[in-house]
Enquirer: 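One structure coming up, written as structure tokens, with questions to follow.
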Amino acid sequence: MPRPLAIAGSAAAWIIFAAAIAWPAACLVAFLAGSPGEFLAGVVLSPRQWTLLAKSASLAVAAAIVSTILAAAPAYAIGLAGRQSDRPLLLSALWLTLLFPPMVYAFGWERVWASGGASYLRCMLIWSLWSWPIPAMILGGAWSRQGRAAFEAALLHTHPLSALFRVVLPAIAPHAMIAILIVGVLCFNDYAVPHACGLTLFSTELLGIAMNTTNLAEVAGPAAWPVALTLVAFFAAAKFAMPLPSIFDPSTALSTTRPSPRADVATILLLVFALPVPTVGLLRELGGFEAVHRTIVIYAADMLWSMTAAGVAGTAAVAVALNVLCAPRAAGVLLGLTFACGSIPGALIGTALVRAYNRDGLGWVYDDWLIVALGYVARFAWIAMLVAWLVAREHGTQIIHQARLDGASKLDVAVRVLAPMRRPLFTAATATIAALALAEVPTTSLVRSPGFNPVAMILIDKFHRLEDDVMIALSLFLMVVAFLPAFLLRRSAKAR
């Protein structure tokens with residue numbers, strides 16, 4: 001790669017990191033340092049806020065545990081394949097479930113299951129049925145690389161049930177904890193699904209505060225508790241699960257064995273509940289093709305700009321993650337900063353971005369779609385960083401060091417070494433960030449651009465106005481859009 005292009009690419013990634021994460025974080029810290037009294041006053045929660053925080057945390061943990069339990073059969077089916085790319089159709093179906101925005105997923109289930117007072121149960125199950133592919137892929141990799149070998153060795157000395165509980169479960173317990181942590185963080189800071197279920201949780205409370213005040217300290221004080229809880233969970237998981245055995249390195253996978261019919265049937269049933277059921281729930285209340293056509297005509301520009309901002313954010317987040325991890329000296333600090341930003345609720349991220357860019361000379365960012373894309377990068381870059389860190393760690397940092405010693409630039413290492421190694425994984429990370437961004441309400445509601453109305457805000461508005469035809473048409477459009485990256489992911493996996 002030409003040296004000028006390598007320098008330009010690396011500089012662009014660092015600029016994105018600074019613009020989306022470092023600069024807003026610096027503005028937030030500087031403001032709070034100047035107003036410690038107001039911040040500390042906000043940290044003291046009211047009894048109602050303590051109740052909402054407890055409900056949010058317990059609901060998120062319950063959803064993460066149920067999601068991991070649901071993933072058992074699919075994980076077994078994936079593990080029998082040796083490498084996940086050996087079953088590209090199953091892999092793409094799992095990612096397709098994640099690429100349906102959670103808000104859209106909730107709207108579909110709302111029309112299938114009228115909760116009748118079971119709103120908390122419905123919220124938990126919607127989170128679980130949307131997120132189970134995450135633990136399925138993590139536990140599937142763990143079963144293929146550690147669980148199967150341990151199980152087969154234990155069978156020489158004991159019966160299968162004893163081998164499962166005494167040998168296999170302890171071997172894959174660190175991976176289960178990581179899966180529960182990832183799903184729990186995604187659910188804990190989610191706004192759309194509880195809102196669609198008619199619930200008021202801590203994320204709802206924070207957005208309400210952020211929308212009704214210009215004082216950053218009033219938002220940062222209550223938001224400190226979700227950040228603290230998330231970081232404590234991260235450190236606890238790191239202490240328990242590290243060093244995490246490999247789950248992605250193909251060289252550690254056992255050979256492919258014959259698929260299990262029962263595991264495949266269980267996986268298909270779960271996919272039916274995860275994909276066709278909420279889709280049918282939307283289709284049966286759609287007012288015909290005319291409603292779809294009218295919605296596309298009216299909101300075509302908004303949908304295009306929303307997908308552009310989300311797609312740019314997903315691509316930028318992966319580029320930043322690859323570039324950061326190719327800087328060995330700073331990787332630990334920058335990785336920690338990004339994960340810390342990932343623990344921050346969307347309401348505080350949006351407020352910090354407003355504080356950082358609502359000033360003279362920066363109107364070209366604040367009044368355009370760039371502010372929306374930067375908000376998405378700040379909100380979900382931790383996902384790309386986690387993927388890049390796992391890939392770099394499992395393929396060995398010596399490969400990166402050797403490439404740098406051979407004269408390769410950081411961009412060369414990212415584009416020619418790390419990215420080709422796990423192209424399907426990085427493709428999936430980009431698409432998942434884009435899908436989550438399309439349904440991100442708290443951040444979007446605070447940094448929305450006057451040039452277009454993001455799809456997430458249109459959906460919430462139509463949900464409140466009971467304009468079901470427009471809401472359902474937009475939801476189905478986002479579902480259809482999700483098929484393209486899933487198809488590309490399948491082709492990418494088959495190419496391996």
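Since the structure is predicted, the reported quantities are computational estimates derived from the model, not experimental observations. Keep in mind that the numbers below use all heavy atoms, side chains included, and drop hydrogens, waters and symmetry copies. Along the sequence shown, residues are numbered consecutively beginning with 1.
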Enquirer: Phe202 pairs by side chain to side chain contact (heavy atoms under 4.5 Å, CB included) with which of Leu59, Leu45, Leu207, Thr51?
Expert: Leu45
Enquirer: Measure the shortest side-chain to side-chain distance between Thr200 and Leu52 over non-hydrogen atoms and say whether it is less than 4.5 angstrom.
Expert: yes
Enquirer: Can you name the nearest heavy-atom pair linking Arg122 to Ala196, along with the distance?
Expert: NH2-O, 3.8 Å
Enquirer: Hey, what's the ring geometry for Tyr191 with His195, parallel, tilted or perpendicular (30° and 60° as the breaks)?
Expert: parallel
Enquirer: Hey, are the side chains of Cys197 and Ile126 touching, using non-hydrogen atoms and a 4.5 Å cut-off?
Expert: yes
Enquirer: To the nearest 0.5 angstrom, please state how far the OG1 atom of Thr230 sits from the CD1 atom of Ile344.
Expert: 10.0 Å
Enquirer: Using the side-chain hydrogen bond (donor to acceptor under 3.5 Å, both in side chains) criterion, which residues pair with Thr213? Sequence neighbours excluded.
Expert: Glu218
Enquirer: Does any non-hydrogen side-chain atom of Met471 lie less than 4.5 Å from one of Phe107?
Expert: yes
Enquirer: What residues form a side chain to side chain contact (heavy atoms under 4.5 Å, CB included) with Leu229, not counting sequence neighbours?
Expert: Leu53, Phe188
Enquirer: Using the ring-ring contact (aromatic ring centres under 6.0 Å, His included) criterion, which residues pair with Phe426? Sequence neighbours excluded.
Expert: none
Enquirer: Do the non-hydrogen side-chain atoms of Leu436 and Ile383 ever get within less than 4.5 Å of each other?
Expert: yes
Enquirer: Could you work out, with side-chain hydrogen bond (donor to acceptor under 3.5 Å, both in side chains) as the rule, every residue matching Ser67, not counting sequence neighbours?
Expert: Ser131
Enquirer: Who pairs with Glu205 by salt bridge (charged side-chain N to carboxylate O under 4.0 Å, His left out), at least two apart in sequence or on another chain?
Expert: Arg48
Enquirer: Can you name the residues that form a salt bridge (charged side-chain N to carboxylate O under 4.0 Å, His left out) with Arg465, not counting sequence neighbours?
Expert: Asp461
Enquirer: Restricting to side-chain hydrogen bond (donor to acceptor under 3.5 Å, both in side chains), what partner residues turn up for Tyr357, sequence neighbours left out?
Expert: none
Enquirer: Kindly write out the residues that satisfy side-chain hydrogen bond (donor to acceptor under 3.5 Å, both in side chains) with Thr444, not counting sequence neighbours, or none if the list is empty.
Expert: Tyr376
Enquirer: Applying ring-ring contact (aromatic ring centres under 6.0 Å, His included), name anything that partners Phe100, two or more places apart in sequence or on another chain.
Expert: none
Enquirer: Who are the side chain to side chain contact (heavy atoms under 4.5 Å, CB included) partners of Val43, not counting sequence neighbours?
Expert: Phe39, Ala224, Trp225
Enquirer: For Pro194, check side chain to side chain contact (heavy atoms under 4.5 Å, CB included) against everything at least two apart and list the hits.
Expert: Cys123, Trp127, Asp190, Leu199, Leu201
Enquirer: Taking only distance into account, with no hydrogens and no angle test, what donor-acceptor pairs under 3.5 Å do side-chain atoms of residues 299-307 form with protein atoms, sequence neighbours excluded?
Expert:
from, atom 1, to, atom 2, distance (Å)
Tyr299, OH, Lys462, NZ, 3.1
Asp302, OD1, Asn453, N, 3.0
Ser306, OG, Asp302, O, 2.7
Ser306, OG, Val455, N, 3.0

Enquirer: Do Arg355 and Leu28 have side-chain heavy atoms sitting under 4.5 Å apart?
Expert: no
Enquirer: What's the spacing between Thr204 OG1 and Ile209 CD1 if we round to 0.5 Å?
Expert: 11.0 Å
Enquirer: Can you tell me how far apart CG (Leu474) and CD1 (Ile298) are? Round to the nearest 0.5 Å.
Expert: 10.0 Å
Enquirer: Drop me the distance from Glu467's CD to Ile472's CD1, to the nearest 0.5 angstrom.
Expert: 12.0 Å
Enquirer: Kindly indicate whether the side chain of Leu446, heavy atoms from C-beta on, has any atom under 4.5 Å from the side chain of Ile349.
Expert: no
Enquirer: Could you tell me whether the side chain of Ile371 reaches within less than 4.5 Å of the side chain of Leu353, counting heavy atoms only?
Expert: yes
